[in-house]
J.: 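Can you keep this structure in mind? I'll have questions shortly.
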2 protein chains.
Amino acid sequence: MPESGSTIIGLNAVIVAVRDLSPRVLVVRRASHALATPAQRGEPAAAGESPDALPFGPFGPERHRTLELGLRDWVGRLTGLNLGYVEQLYTFGDRFRDPRELEGGPRVVSVGYIALVREAPLSGSGEAYWRDWYDFLPWEDWRNGRPPVIDTLRDGLQQWIERANDPDTRQARRDRVAMTFSQEDATWDVERVLERHELLYEAGLVAEAQRDRRAWTAQTGSGGVLPPWMEAPLDESWRPPGGAMALDHRRILATAMSRLRGKLKYRPVIFELLPREFTLLRLQQVAEALSGVPLHKQNFRRLVTQARLVEPTGRFDSQTGGRPAELFQFRREVLRERPAPGVGIPALRLVH
Amino acid sequence: MPESGSTIIGLNAVIVAVRDLSPRVLVVRRASHALATPAQRGEPAAAGESPDALPFGPFGPERHRTLELGLRDWVGRLTGLNLGYVEQLYTFGDRFRDPRELEGGPRVVSVGYIALVREAPLSGSGEAYWRDWYDFLPWEDWRNGRPPVIDTLRDGLQQWIERANDPDTRQARRDRVAMTFSQEDATWDVERVLERHELLYEAGLVAEAQRDRRAWTAQTGSGGVLPPWMEAPLDESWRPPGGAMALDHRRILATAMSRLRGKLKYRPVIFELLPREFTLLRLQQVAEALSGVPLHKQNFRRLVTQARLVEPTGRFDSQTGGRPAELFQFRREVLRERPAPGVGIPALRLVH
DNA sequence: GACCGATATGCTCAGGCTGAGCATTACGAA
DNA sequence: TTCGTAATGCTCAGCCTGAGCATATCGGTC
């Protein structure tokens with residue numbers, strides 16, 4: 001098998017903004033790799049087009065003192081954005097995460113970052129653009145109740161469970177499905193985005209699983225042994241939900257969503273996405289956009305005001321269609337006072 | 001300045017076990033690097049000895065399908081341990097994190113992992129041994145009330161605040177100290193281990209800050225400009241608390257402690273450190289050892305039993321010195337039932 | 001054989017927070 | 001003036017948490 005043995009380090013950025021009710025992520029078009037058969041039969045990109053990719057930049061050890069500074073540098077050049085809040089997510093280094101490895105390309109280890117910005121016009125050299133992150137992970141949006149795609153997924157997962165011959169494997173699969181796609185909607189855990197995506201990948205239900213499987217068999221021949229994480233044969237009638245992304249970028253996006261949803265609860269990161277002054281409704285909308293569940297309005301207000309997370313400015317916004325809403329701003333002092341300030345400290349639950 | 005421009009990837013492991021009341025981490029002796037002046041005037045290692053280091057292994061892309069499998073492989077060879085729970089922590093890539101870079105050595109980017117094991121005799125090729133993690137971060141152990149070293153640290157931090165000439169900088173420093181080393185003990189946030197360590201490093205209060213500063217000036221000459229994160233001049237009478245570690249390994253340990261303390265609350269990882277059957281007191285002791293705070297006994301029991309995290313086995317342990325304690329075991333089914341099972345879901349607070 | 005020290009285990013109660021709904025206020029438009 | 005639409009205010013039951021008091025059951029001692 002061709003394998004050069006070399007390794008290179010790169011950086012991927014999940015840059016998040018919220019526009020209106022839509023959480024957006026910055027993507028670039030990536031020329032489809034020869035082996036990466038464009039399998040996205042789903043909604044967003046027409047068949048044959050290149051899938052969206054997260055911005056990627058190489059890490060230049062001679063130029064950058066830290067990984068994060070390296071990231072800020074090339075993101076700035078690509079998009080003109082000056083990143084505010086930046087946090088390292090995870091380092092992705094699985095073999096064949098870039099299919100060019102199959103042809104002897106180097107192992108690409110990529111350090112993923114999440115960055116939060118207030119949406120601004122893009123300049124810079126790249127052809128980056130914003131896209132709703134639920135285009136890629138539609139089953140994560142429960143703001144208007146249970147998303148219909150969930151039923152499809154549960155069907156696919158049920159098939160995956162039944163495909164296992166061994167009863168123990170079947171039980172293990174059943175448990176995993178129950179844990180991540182809990183049967184009763186009330187216990188939907190908004191933070192398990194990554195676990196759900198990994199389960200769908202292993203079950204062969206997302207387009208990338210098909211793509212990687214084809215790339216693998218094309219390279220090793222159909223007689224070759226598939227790695228265990230690609231064992232599941234695909235039902236040919238299956239239409240993979242959600243927009244596919246290049247390489248393992250949908251997994252990186254899922255990691256970012258998990259992390260951000262978790263962080264919301266105990267750190268005031270949400271204000272990185274808002275202008276200095278905002279109404280409480282706007283704050284709630286952004287919290288809902290990110291967490292993907294509707295929140296109880298009065299309780300949400302009570303939460304953020306009683307936690308003294310925000311303070312009134314005395315100014316008002318009259319463009320509401322009803323009674324004017326007071327404008328609030330983030331109270332920085334809260335950082336000194338409370339150990340873990342965040343929105344939805346408990347409220348990130350479905351409203352019934 | 002010598003700088004080769006090359007980069008290599010390695011793996012660091014923070015392997016944690018709990019023995020009696022002591023949370024332990026696996027370390028190896030590392031030959032002190034020429035530039036890394038042995039500055040540990042603190043308690044544990046005699047001056048001149050090499051500091052402890054976390055186990056480190058190179059990543060071999062040709063051999064290992066994933067980073068984690070690579071880690072399991074060399075840890076197994078080094079220690080004979082078969083790692084159970086393993087989780088990626090963070091990727092460390094700051095310039096000069098390995099002082100050999102100052103002499104033209106390569107940039108070493110290290111992916112840190114935390115692993116939980118039940119303590120077992122060490123075999124394998126290495127001279128690894130267990131050490132109490134509070135030897136390295138003594139200010140994190142509040143199980144017997146406020147640790148005395150806290151007063152020393154607050155003194156040092158006060159000096160650091162006052163050393164700033166600019167009033168804004170002074171206020172920023174004051175805020176940061178208040179946030180991490182909260183003045184009232186009641187609001188001590190056990191999860192901010194990393195933030196506290198980074199603050200102490202920047203304030204020049206831990207031995208590694210001295211060491212790195214000396215290495216830097218030795219290389220660039222005393223006239224050279226120090227990087228901003230090393231600006232603070234050191235008070236010569238200062239005795240840095242806690243045992244120093246090689247390179248940035250104390251920072252990696254702090255990252256692991258932060259992550260583990262946070263995770264305890266919402267994932268049942270604690271059972272990775274316990275035998276299959278245990279008393280509730282033992283469970284509490286391990287939770288206290290990791291979180292570094294005493295817990296209210298009756299409430300702790302109520303928490304874990306009412307959350308149905310454990311189930312009684314009907315067997316008893318009579319070695320308690322008092323009434324025999326019933327043995328319990330982890331209830332795996334809880335994973336399916338509750339979205340975020342963990343011990344101390346709310347109880348990780350000081351008992352008054 | 002009763003007593004004591006030590007620990008496990010059981011129970012209660014006040015206070016705070018959460019989920020949920022009802023009520024009132026204040027704008028623009030008809 | 002009325003109506004539609006939001007913003008904002010208020011209440012209340014239920015649950016969870018912090019804290020303490022009470023009881024059970026061992027080994028060892030007198």
Side-chain angles (χ1 to χ4, degrees), chain A residues 21 185-188 265-266 277-285 287-288 291 293-328 338-352, chain B residues 21 185-188 265-266 277-285 287-288 291 293-328 338-352:
Chain A
L21 301 184
D185 296 354
T187 61
W188 180 263
K265 288 189 194 160
Y266 61 96
E277 299 191 350
F278 45 82
T279 65
L280 292 184
L281 176 62
R282 183 63 192 145
L283 181 63
Q284 181 177 351
Q285 285 171 338
E288 290 176 332
S291 64
V293 288
L295 302 173
H296 185 284
K297 184 168 179 166
Q298 295 93 315
N299 292 347
F300 181 80
R301 312 174 129 272
R302 180 178 59 187
L303 188 75
V304 294
T305 51
Q306 281 193 11
R308 307 223 308 153
L309 208 60
V310 296
E311 59 192 357
T313 63
R315 285 178 287 280
F316 289 82
D317 174 10
S318 306
Q319 320 293 307
T320 57
R323 174 174 172 175
E326 183 155 18
L327 290 166
F328 288 76
R338 294 169 51 87
V343 297
I345 295 166
L348 277 187
R349 288 173 206 163
L350 277 173
V351 64
H352 294 297
Chain B
L21 301 184
D185 296 353
T187 62
W188 179 263
K265 288 189 192 158
Y266 60 95
E277 299 191 352
F278 45 82
T279 65
L280 293 184
L281 176 62
R282 183 63 192 144
L283 181 62
Q284 180 177 352
Q285 286 171 337
E288 288 176 333
S291 63
V293 288
L295 302 173
H296 184 284
K297 184 167 178 167
Q298 294 93 317
N299 293 346
F300 181 80
R301 315 176 125 268
R302 179 177 60 187
L303 189 76
V304 294
T305 52
Q306 281 192 12
R308 307 222 309 151
L309 208 60
V310 296
E311 58 192 359
T313 63
R315 283 179 287 281
F316 289 82
D317 174 10
S318 306
Q319 319 294 308
T320 56
R323 173 173 171 176
E326 183 156 17
L327 291 165
F328 288 77
R338 293 168 50 87
V343 297
I345 295 168
L348 278 187
R349 287 171 207 165
L350 277 173
V351 65
H352 294 296

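Only this structure's heavy atoms are used, side chains among them; waters, hydrogens and symmetry mates stay out. Below, chains carry the letters A, B, ... as their sequence lines are ordered, and counting in each starts from 1. It should be emphasised that the depicted structure is a prediction, and the values quoted were computed from it without experimental measurement.
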J.: Tell me every residue that passes side chain to side chain donor-acceptor pair (under 3.5 Å) with B/Glu311, counting only those two or more places apart in sequence or in another chain.
T.: B/Gln329
J.: Given atom CD of B/Gln306 and atom C1' of C/dG10, what is their separation to the nearest angstrom?
T.: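 In whole Å, C/dG10 C1' and B/Gln306 CD are 12 Å from each other.
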J.: To the nearest Å, give me how far apart CZ (B/Phe300) and P (C/dT9) are.
T.: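 Rounding to the nearest Å, CZ of B/Phe300 and P of C/dT9 are 13 Å apart.
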J.: Can you pull out the residues from residues 316-325 of chain B that lie within a 4.0 Å heavy-atom distance of DNA chain C?
T.: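 Of all residues in residues 316-325 of chain B, the ones placing a heavy atom under 4.0 Å from DNA chain C are B/Thr320, B/Gly321, B/Gly322, B/Arg323, B/Pro324, B/Ala325.
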J.: In this structure, how many angstroms lie between the P atom of D/dC21 and the CZ atom of B/Arg301, rounded?
T.: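 The distance from CZ of B/Arg301 to P of D/dC21 comes to 18 Å, rounded to the nearest Å.
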J.: Under the side chain to side chain donor-acceptor pair (under 3.5 Å) test, which residues partner B/Arg315, sequence neighbours left out?
T.: B/Glu277
J.: Between D/dG14 atom P and A/Asn299 atom CG, what is the distance in whole Å?
T.: 17 Å
J.: Which part of the nucleic acid does B/Glu326 contact within heavy-atom distance under 4.0 Å: base, sugar-phosphate only, or nothing?
T.: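 The answer is sugar-phosphate, as B/Glu326 gets under 4.0 Å only of primed atoms, P, OP1 or OP2.
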J.: If you only use heavy atoms from C-beta on, which nucleotide in D/dC10, C/dT9, C/dT7 is closest to the side chain of B/Leu281?
T.: C/dT7
J.: B/Glu326 side chain to B/Gly314 main-chain N or O, any donor-acceptor pair under 3.5 Å?
T.: yes
J.: Report the distance from atom CZ of A/Phe328 to atom C1' of D/dT8, rounded to the nearest whole Å.
T.: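 The distance from CZ of A/Phe328 to C1' of D/dT8 comes to 9 Å, rounded to the nearest Å.
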J.: What pairs with B/Arg323 under side chain to side chain donor-acceptor pair (under 3.5 Å), at least two apart in sequence or on another chain?
T.: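 Counting only residues at least two positions away or on another chain, B/Arg323 forms no side chain to side chain donor-acceptor pair (under 3.5 Å).
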J.: For B/Arg301, enumerate each residue passing the side chain to side chain donor-acceptor pair (under 3.5 Å) test, keeping only those at least two apart in sequence or located in another chain.
T.: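 By the side chain to side chain donor-acceptor pair (under 3.5 Å) rule, B/Arg301 matches no residue at all.
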J.: Who passes salt bridge (Lys or Arg N to Asp or Glu O under 4.0 Å) against A/Arg302, sequence neighbours left out?
T.: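 Listed in chain order: nothing, the list is empty.
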J.: How many Å lie between CD on B/Gln298 and C1' on D/dC21, as a whole number?
T.: 9 Å
J.: For the base of D/dG9, is there a side-chain donor-acceptor partner from A/Arg302 under 3.5 Å away?
T.: no
